[in-house]
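Data block below; observations after.
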Amino acid sequence: MRLATWNVNSLRSRIGRVEAFLERHDVDVLALQETKARDDQLPLMGLQSMGYEVASAGVNQWNGVAVISRVGLDDVEVGFPGMPGWGDPVAGEARAIGVTCGGVRVWSLYVPNGRKVDDPHYVYKLDWLARLRAAAQPWLDGPTALVGDWNIAPLDEDVFDIAAFARSTHVTAPERAAFQAFLDDGYADVVRPHSPGPGGYTYWDYYRQRFERNRGMRIDFVLGSPAFASAVTGAFVDRDERAGTGASDHAPVVVDLAD
DNA sequence: ATGGTCGGTTACCGA
């Protein structure tokens with residue numbers, strides 16, 4: 001099974017690229033973040049004609065998530081227990097959706113950005129991660145993948161210029177500790193070993209030709225439970241998808257699993 | 001410290 005995750009930065013504006021990506025890489029399951037579409041705005045026709053089912057959680061123009069699958073799409077759950085606003089999606093948050101595809105529990109996650117370290121959104125981000133960690137501990141027993149845009153660069157080498165991020169979110173000690181906690185619990189970053197260093201960047205800002213100069217960041221991750229991680233046979237970042245006009249500012253991350 | 005470029009409930013905000 002081939003699983004991918006991608007912060008698509010608007011599904012409607014990039015549906016052609018999504019369909020081409022699925023076909024180009026023969027992807028079975030694709031988790032999306034920043035769909036920027038409500039559930040009733042999804043461009044489904046082409047995906048369905050390609051044999052995919054879609055589950056989405058989108059209540060506003062910002063933080064929608066979705067999963068596209070052609071190997072089954074069951075047990076759809078919007079948000080995780082304890083998530084801020086859980087059970088009240090109209091409150092404006094739709095950052096997590098869990099589905100079961102091909103025997104794997106996949107969570108598409110869009111971790112809050114945090115904005116600035118002195119912004120209430122930064123506290124909210126840390127709280128959100130703590131609540132996700134608590135919810136995710138029982139999931140370690142099965143084949144589980146926590147995938148998406150974590151908005152954290154865990155290592156200095158995950159940022160093109162760590163000095164430029166001295167007072168920025170994404171690299172602070174509390175954020176990195178929150179990410180590390182998932183690893184300590186038993187989740188594994190299944191992509192880094194296959195694409196180390198700057199070759200594993202997943203995000204490049206739109207301005208200043210950051211992509212052309214590979215001034216990017218590694219902030220999109222696939223964290224696997226032991227059962228998931230042991231089945232991984234390979235992984236890569238589809239950098240080509242970030243090139244050219246009309247690209248998302250994030251590249252897709254692809255993981256292959258043994259049957 | 002600022003600005004640059006995107007997308008969308010667009011003449012601003014969030015990323």
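Chain letters run A, B, ... following the sequence lines, proteins first, then strands; residues in each count from 1. Both backbone and side-chain heavy atoms feed into the values below; hydrogens, waters and symmetry mates do not. Note that the coordinates shown come from a computational prediction; the quantities given were computed from them, not determined experimentally.
Atom CG in A/N7 sits roughly 12 Å away from atom C1' in B/dG7 (whole-Å rounding). In this structure, CD1 of A/I152 is placed 15 Å from P of B/dA15, rounded to the nearest angstrom. Taking atom CG on A/N63 and atom C1' on B/dG7, their separation rounds to 14 Å, with Å as the unit. Whole-Å rounding puts the A/N151 CG to B/dG14 P distance at 15 Å. When the P atom of B/dG4 is taken as reference, atom CG of A/D161 falls 20 Å away, rounded to whole Å. Remark: P of B/dA1 and CG of A/D118 are 12 Å apart, rounded to the nearest angstrom. One atom, NZ of A/K36, and another, P of B/dT9, lie 9 Å apart when rounded to the nearest Å. Spacing between atom CD of A/Q33 and atom P of B/dG7 amounts to 18 Å, rounded to whole angstrom units.
Near-neighbour residues of DNA chain B inside residues 16-25 of chain A, defined by a heavy atom below 4.0 Å, are absent.
As judged by a 4.0 angstrom heavy-atom cut-off over every strand, A/R210 is placed among residues making no nucleic acid contact. Contact annotation for A/R14: backbone-only contact, meaning every heavy-atom pair under 4.0 Å involves sugar-phosphate atoms and none involves a base. At a threshold of 4.0 angstrom between heavy atoms, the contacts of A/Q209 with the nucleic acid are absent. Residue contacts for A/Y110: at a heavy-atom cut-off of 4.0 Å it reaches the sugar-phosphate backbone alone, with no base atom in range.
In this pair, A/F211 and A/W204 present their aromatic rings perpendicular. The plane angle is above 60°, beyond the 30 to 60° band.
Distances shorter than 4.0 Å separate none of the side-chain N or O atoms of A/R215 from OP1 or OP2 on B/dG4. Look at A/R12 and you won't find any side-chain N or O under 4.0 angstrom from OP1 or OP2 of B/dG7.
Spacing of C1' atoms, B/dC6 relative to B/dA11, comes out at 16 Å, to the nearest Å. The gap from the C1' atom of B/dT10 to that of B/dT5 amounts to 15 Å, rounded to the nearest Å. If you take atom P in B/dG4 and the same atom in B/dT9, they sit 25 Å apart, rounded to whole Å.
When the nearest nucleotides of DNA chain B are assigned to A/L11 and A/H250 by heavy-atom distance, the more 5′-ward of the two goes with A/L11. Checking A/E34 against A/N9, the closest nucleotide of DNA chain B that is more toward the 5' end is the one next to A/N9.
At a threshold of 4.5 Å between side-chain heavy atoms, the hydrophobic network of Ile, Leu, Val, Met, Phe, Trp and Tyr places A/W107 and A/L30 in two separate groups.
Between A/H25 and A/F236, the ring centre distance stays below 6.0 Å. Annotation: A/W150 is in aromatic contact with A/F182 [ring centroid separation under 6.0 Å].
When distances run from any side-chain atom of A/Y206 to the nucleotides B/dA15, B/dG8, B/dC6, the shortest one goes to B/dC6.
Ionic pairing of A/R2 and A/D256 is present here: one or more N-O contacts between side-chain nitrogen and carboxylate oxygen are shorter than 4.0 angstrom. Looking at A/R24 and A/D240, no side-chain N of the basic residue comes within less than 4.0 Å of a carboxylate O on the acidic one, giving no salt bridge. One finds a salt bridge joining A/E157 and A/R192 here, because a Lys/Arg side-chain nitrogen approaches an Asp/Glu carboxylate oxygen to under 4.0 Å.
Taking a 6.0 Å sphere around CD of A/Q209, one finds it holds 12 or fewer heavy atoms contributed by other residues, nucleotides or ligands.
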